[in-house]
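Here's the structure, in structure tokens; my notes come after.
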Amino acid sequence: MMKKFFYYFLLVAVSVSFYACSNNDDPEPIVDPVETVDTNSFFILNRGSYYSGIDGTLSYYDYASEDYKIVKESINIFKDSNERSLGGSPNDMAIYRDSLYVLVYESATMEVVDTKTMKSVYTYNFQENPHSELKSQPRHIAISNGIAYITTYDGYLVSYSCDERKVTGWTSLVNEGNNPEGVAVVGNEIYVAMSGGLNSAQGLPYDNKVARINKNTMELLESIEVGINPTEIITNGVDATFVICMGDYAGTAPMIYQIMGNIATPRCPGTFMALYNRQLYVINAAWDSSDGNTVWNKSNITYKCYAIDKWNDSSVQPTDFLPEGKGVDYPSAFAIDPVTGNFVIGSSHVNGSTVSFNENGYFKMYSGTGEELLTGETGIDPYIVTFVPQSK
């Protein structure tokens, strides 16, 4: 496998250690192009800081797979390539063919970025929802057979044709709960997490349902009861679908549920998850704000791997996929490369024991056996990691 890119960054050596189991607001100067082969790459979407009025950013990292040296990196690749900001509070992204689809929540836009040139080739504006008088802000995206399924916080599931660059339908979910979050396509069905994320501002409890939708007709089939405040959904598209229920950040702790048909079963505590080779990798970094304490304790973080076909076998216990003390300060993003099994964990910046959302964060990349391979700087509040499929 190989990709051919022309890069304007010099090679940077990265030290590697082994264990078992700068903000680019201005474009970098052009240097002699370097052609590389046998590389891997990934994007990190950084949310920025809504409360401080700092826009989010898109970061890009390309590294040689043989010796894990960076051949290109940009903490703010979108601005470097487009000479404008990505916008406020980007929240999710997905790749289809050679395009990266980036949802920008506060700005209510979707940027379609060419992964070869890093240029935005199209911007869709969600401001004008023909079925709602509310601002339609996109949250999460899943792409299947050229159709992007996008949740919007005013209560809709939008279907968008990637090839035609137009919305083909709006499915109302307002009768099933508030503030839809994660979305996943499983066969001929679509699952949407109904979080009720803004309910607490009105003194109401979080929602606790996952809407089940017919993919062909876009009609609601039913709602499945899960834990409170469901957010992210992941699936292998066939027989393994999981949803994180974040709890209420006080007395009710996060819990991951497995969905099988119309049944949801609690499986394990966790705040981040990824699927790889019939294993569910789970990071549990729960935040308890019941006493208003803002101190963060890194020692409470766990990194567990569960065999998803052995839930009922008491002799099979979860294993640690990272050695104790070898993780990050404050996990905020997590993804596994489906080709290599390498995984990336993003972290917000921590000053002592206080998490900062006004400073750039960082990432660490590990091999499947827990060896630390790469580390680097990200934008503020890294949130989503997406690996670029390797070209042949």
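For the numbers below, each heavy atom of this structure counts, side chains included, while hydrogens, waters and symmetry mates do not.
- Ring geometry, F343 versus Y281: the interplanar angle falls from 30° to 60°, so the pair is classed tilted.
- Inspection of the S347 and K364 side chains reveals no N or O donor paired with an N or O acceptor under 3.5 Å.
- Annotation: side-chain contact (heavy atoms from CB on, under 4.5 Å) contacts of V174 (sequence neighbours excluded): S172.
- Between S315 and D313, the side chains place a donor N or O and an acceptor N or O closer than 3.5 Å (distance only, hydrogens not considered).
- Rounding to the nearest 0.5 angstrom, the gap separating the CG atom in D329 from the CD1 atom in I301 is 7.5 Å.
- Judged by distance alone, the side chains of S99 and D114 never bring a donor and an acceptor atom under 3.5 Å apart.
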For this session: Test side chain to side chain contact (heavy atoms under 4.5 Å, CB included) on Y366 and N342 and set out the steps.
Result: CA-CA 6 Å; Y366 305 84; N342 295 340; over 6 Å; no
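- D55 and S85 are linked by a side-chain donor-acceptor pair at a separation below 3.5 angstrom, with hydrogens and angles left out of the test.
- Residue D154 holds its CG atom at 10.5 Å from NE2 of H131, rounded to the nearest 0.5 Å.
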Expected list for residues 178-185: side-chain donor-acceptor pairs under 3.5 angstrom, two or more places apart:
from : atom 1 : to   : atom 2 : distance (Å)
N178 : ND2    : N199 : OD1    : 3.1
N179 : OD1    : G197 : N      : 3.2
N179 : OD1    : L198 : N      : 2.9
N179 : ND2    : Y153 : O      : 3.2
E181 : OE1    : R139 : NE     : 3.3
E181 : OE1    : R139 : NH2    : 3.4
E181 : OE1    : H140 : NE2    : 3.2
E181 : OE2    : R139 : NH2    : 2.8
E181 : OE2    : Y153 : OH     : 2.9

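- Between Y63 and Y61, the ring center distance fails the sub-6.0 Å criterion.
- Take N351 and apply the side-chain contact (heavy atoms from CB on, under 4.5 Å) test, not counting sequence neighbours, and it matches H349, S356, E359.
- Looking at D381 and S332, their side chains come closer than 4.5 Å, going by heavy atoms from C-beta outward.
- In this structure, V350 and V355 have side chains that are in contact, with non-hydrogen atoms separated by less than 4.5 Å.
- A donor atom on one side chain and an acceptor atom on the other are not found under 3.5 Å apart for S161 and T168.
- Inter-residue side-chain proximity for I256 and M273 is flagged as met; some heavy-atom pair is nearer than 4.5 Å.
- F242 meets the ring pair (Phe, Tyr, Trp, His ring centres under 6.0 Å) test with no other residue; sequence neighbours excluded.
- Ring orientation note: the planes of Y122 and Y124 are tilted relative to one another, at an angle of 30° to 60°.
- No side-chain N or O of Y276 forms a donor-acceptor pair with one of D337 less than 3.5 Å apart.
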What side-chain donor-acceptor pairs closer than 3.5 Å can you find for residues 234-241, not counting sequence neighbours?
from : atom 1 : to   : atom 2 : distance (Å)
T235 : OG1    : G237 : N      : 2.9
T235 : OG1    : A240 : O      : 3.1
T235 : OG1    : T241 : OG1    : 2.9
N236 : OD1    : V238 : N      : 2.9
N236 : OD1    : D239 : N      : 3.0
N236 : OD1    : A240 : N      : 3.0
N236 : ND2    : D239 : OD1    : 2.7
D239 : OD1    : R278 : NH1    : 3.0
D239 : OD2    : R278 : NH1    : 3.4
D239 : OD2    : R278 : NH2    : 3.3

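- If you check the side chains of D62 and Y60, you find a donor sitting under 3.5 Å from an acceptor.
- In this structure, the side chains of K72 and I77 come closer than 4.5 Å at one or more pairs of heavy atoms.
- Side-chain contact, D80 with S74: a donor N or O sits under 3.5 Å from an acceptor N or O.
- In this structure, a donor-acceptor pair under 3.5 Å is absent between the side chains of T265 and Q258.
- Connectivity analysis of hydrophobic side chains (ILVMFWY, heavy atoms under 4.5 Å, direct or indirect) links Y51 to Y50.
- Residues Y156 and T171 fail the side-chain proximity criterion, which asks for heavy atoms closer than 4.5 Å.
- Counting only N and O atoms by type, the side chains of N76 and T57 include no donor and acceptor under 3.5 Å apart.
- Side-chain atoms of T252 do not come within 3.5 Å of backbone N or O of G247 as any donor-acceptor pair.
- Side-chain polar atoms of T369 and S367 form a donor-acceptor pair below 3.5 angstrom.
- Taking the six-membered ring where tryptophan is involved, the planes of Y101 and Y96 are tilted, since the angle between them lies from 30° to 60°.
- With contacts defined as side-chain heavy-atom distances shorter than 4.5 Å, the pair E372/K326 does not qualify.
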